[in-house]
Amino acid sequence: MSGELRQKSHQKSVQQALDEGSVRGWRLVSANTTNASGAWVTCVYWDTTPET
């Protein structure tokens with residue numbers, strides 16, 4: 001989960017999380033971004049089960 005007050009810095013944080021998950025070979029299950037009370041919050045859900 002990533003939270004930031006500024007949209008641009010939040011986008012960078014989310015991109016870093018997506019890049020890290022991709023490097024680890026995780027599958028993206030879902031992602032949700034909201035702007036609540038002036039703060040951007042993104043939840044990213046991964047499937048970390050190793051492929052067999």
Side-chain angles (χ1 to χ4, degrees):
M1 186 156 95
S2 173
E4 300 282 344
L5 292 176
R6 293 189 197 119
Q7 184 177 7
K8 285 197 174 218
S9 58
H10 180 70
Q11 288 172 342
K12 288 179 186 176
S13 295
V14 171
Q15 187 61 56
Q16 287 174 346
L18 293 174
D19 291 345
E20 183 177 335
S22 177
V23 166
R24 293 177 184 223
W26 296 347
R27 278 192 305 258
L28 181 64
V29 175
S30 69
N32 183 21
T33 299
T34 59
N35 183 351
S37 302
W40 292 89
V41 176
T42 297
C43 296
V44 179
Y45 298 92
W46 298 100
D47 176 0
T48 60
T49 307
E51 291 186 29
T52 55

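Just so you know, these numbers use all the heavy atoms, side chains as well, and skip hydrogens, waters and symmetry mates. By convention here, the first residue in the shown sequence is residue 1.
- Within the 4.5 Å cutoff, the side chain of Thr33 has no heavy atoms near those of the Val41 side chain.
- Linking Ile, Leu, Val, Met, Phe, Trp and Tyr whenever their side-chain heavy atoms come within less than 4.5 Å puts Trp26 and Leu28 in one cluster.
- Here Trp46 contributes atom CH2 and Arg24 contributes atom CZ; the two are 10.0 Å apart, rounded to the nearest 0.5 Å.
- Side-chain contact between Asn32 and Thr42 is absent, with no heavy atoms from C-beta onward closer than 4.5 Å.
- Separating the OG atom in Ser13 from the CG atom in Leu18 is a distance of 11.0 Å, to the nearest 0.5 Å.
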